[in-house]
There are 2 protein chains.
Amino acid sequence: MTTLTIHEAATTTGWSPRMLRYVEQLGLVASPRSAAGYRLYGPAQLQRLRTLRELLETHGVELGDVGFALRLRREPELATALDEWFEAEPQRPLLGPSTEMPDGDWLAFEQDKHSQLLTSDRRDTA
Amino acid sequence: MTTLTIHEAATTTGWSPRMLRYVEQLGLVASPRSAAGYRLYGPAQLQRLRTLRELLETHGVELGDVGFALRLRREPELATALDEWFEAEPQRPLLGPSTEMPDGDWLAFEQDKHSQLLTSDRRDTA
DNA sequence: GCCACCCTGACACGACCGCGGTAAGGTTGC
DNA sequence: GCAACCTTACCGCGGTCGTGTCAGGGTGGC
């Protein structure tokens, strides 16, 4: 069985040993340990590390983001809460920092539509 | 039509004007603008701001995280890439490729290991 | 028994984030 | 026509991220 030490795994995957430990700390790729506590990287872990690296590069994602994605999978209620919030979207989200559209129309439309929905919740402290 | 200025919207929703602009910059809650460029917050936006705030508080999430969730919805390929990565054969502890085992077992093992990482890092390995 | 490796902390540091504040200017209501 | 708002753009400051590195100590092959 080919199990590499952390340093070997690092050199073959392009991470640094430090980062391998960090990735494990984020809960993304953990390796089994030897009796003495050494991390033992097998083919499966190496594969995951390489695909993870590719994932980050091709999509411009950061480790923390993947960590959050992991959290989403661990906390379905969080995921559904977010889903609901986005789904309940009464307005169009921006496509960029400042995407302009010939609005004015959908403004009135949306607000009208929702003022109906929200009639019971009118407590403008104005 | 009840449209509040950014300052009014801020006071009624509990955000600061600064944060309202920041939230818009993240693409989470954008308000329509007046002809002169002033942000005009209607009931729909106020509602979103309040629910957003509640979302953050109840789930211990940060704005950046919600921003990333938004990114996931905007970039389905990113979402599927992440899905695939998480779905992809997670590392089995030193077993051959054809060795079948009920996934529930080591999955539980993994999650246990992770929950340790998440809950606390104090580990007394005597 | 050596020496090269591994482990877990911890410090450090540049870069960025979250957010307040301020400056320089446009808009609006009275 | 001015005060009170709004706009964007920037500075700053504390916090976090990604990463290297070092210290103190265990492991293991030769």
Side-chain angles (χ1 to χ4, degrees), chain A residues 3-42 45 49 52-53 55-57 59-71 94 96-100 103 126, chain B residues 1-42 45 49 52-53 55-57 60-71 113 116-118 120-126:
Chain A
T3 53
L4 307 188
T5 69
I6 194 173
H7 192 72
E8 297 166 328
T11 51
T12 64
T13 59
W15 299 91
S16 67
R18 180 66 168 85
M19 286 313 290
L20 256 36
R21 298 195 184 95
Y22 184 56
V23 165
E24 175 180 308
Q25 185 186 329
L26 290 181
L28 298 181
V29 177
S31 72
R33 302 294 190 103
S34 76
Y38 285 22
R39 290 173 182 79
L40 300 177
Y41 291 86
Q45 284 78 41
L49 287 171
L52 176 59
R53 170 168 272 282
L55 183 63
L56 299 190
E57 285 169 4
H59 291 281
V61 180
E62 292 158 22
L63 282 176
D65 295 333
V66 186
F68 182 67
L70 176 62
R71 182 142 114 86
L94 289 175
S98 90
T99 304
E100 285 304 320
D103 50 21
Chain B
M1 178 75 73
T2 59
T3 53
L4 307 188
T5 69
I6 195 174
H7 192 73
E8 297 166 329
T11 52
T12 64
T13 59
W15 299 90
S16 66
R18 181 70 169 83
M19 287 311 289
L20 256 35
R21 297 195 184 94
Y22 183 57
V23 165
E24 175 179 309
Q25 185 187 326
L26 290 181
L28 298 180
V29 178
S31 72
R33 302 294 189 101
S34 75
Y38 285 22
R39 292 173 181 79
L40 300 177
Y41 291 85
Q45 283 77 41
L49 288 171
L52 176 60
R53 172 168 270 283
L55 182 65
L56 298 190
E57 286 169 4
V61 181
E62 290 157 24
L63 281 177
D65 296 332
V66 185
F68 182 68
L70 175 62
R71 183 143 114 86
K113 186 169 54 182
Q116 281 184 239
L117 281 170
L118 289 175
S120 164
D121 36 358
R122 197 65 264 279
R123 207 91 297 273
D124 266 297
T125 43

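Numbered from 1 within each chain, the chains take letters A, B, ... in sequence-line order.
- The phosphate of D:dT21 has neither OP1 nor OP2 within less than 4.0 Å of any side-chain N or O from A:Arg18.
- Pairing each heavy atom of B:Arg53 with each of B:Gly14, the nearest pair is NH2-O, 2.8 Å.
- Residue B:Arg21 has a polar side-chain atom (N or O) positioned under 4.0 Å from OP1 or OP2 of D:dT7.
- Here A:Arg39 reaches the OP1 or OP2 of C:dC7: one of its side-chain N or O atoms lies under 4.0 Å away.
- For the OP1/OP2 pair of D:dC5 and a distance below 4.0 Å, the side-chain nitrogens and oxygens of B:Thr5 include no atom meeting the criterion.
- Each of A:Met19 and A:Ala35 lies near DNA chain D, and the nucleotide nearest A:Met19 is the one positioned closer to the 5' end.
- Summarising the geometry, the separation between CG on A:Leu40 and C1' on D:dT27 is reported as 12 Å, rounded to the nearest angstrom.
- Rounded to an integer number of Å, the gap from CG of A:Leu26 to P of D:dT16 is 15 Å.
- Rounded to whole angstrom, the span from the CD1 atom of B:Ile6 across to the C1' atom of C:dC19 amounts to 13 Å.
- Of all nucleotides listed (C:dC5, C:dT28, C:dC7), C:dT28 comes nearest to the side chain of B:Tyr38.
- Under a 4.0 Å N-O distance rule, the pair A:Arg33/A:Glu24 qualifies as a salt bridge.
- Candidate nucleotides D:dG20, D:dT19, C:dC6 were compared by shortest atom distance to the side chain of A:Ser16, and D:dG20 ranks first.
- The two residues A:Ser16 and A:Ala10 make their nearest non-hydrogen contact at C-CB, 3.8 Å.
- To the nearest angstrom, P of C:dC7 lies 14 Å from CD of A:Gln25.
- Contact annotation: the side chain of B:Ile6 approaches that of B:Tyr41 to within less than 4.5 Å [non-hydrogen atoms, C-beta and beyond].
- One atom, NE2 of B:His7, and another, C1' of C:dT28, lie 16 Å apart when rounded to the nearest Å.
- Whole-Å rounding puts the B:Leu63 CG to D:dT16 C1' distance at 15 Å.
- Distance from the side chain of B:Arg33 is smallest to D:dT8 among D:dG20, D:dT8, D:dC5.
- Here the side chain of A:Ala36 is nearest to one of D:dT19, D:dT7, D:dT27, namely D:dT27.
- Remark: P of D:dG28 and CD of A:Glu8 are 15 Å apart, rounded to the nearest angstrom.
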Practice prompt. Start with the C-alpha distance between A:Val23 and A:Trp15, add both sets of side-chain angles, then the distance that settles side chain to side chain contact (heavy atoms under 4.5 Å, CB included), and finish with yes or no.
Written response: CA-CA 10 Å; A:Val23 165; A:Trp15 299 91; 4.1 Å; yes
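- A:Glu62 has its CD atom 16 Å from the P atom of D:dT16, to the nearest Å.
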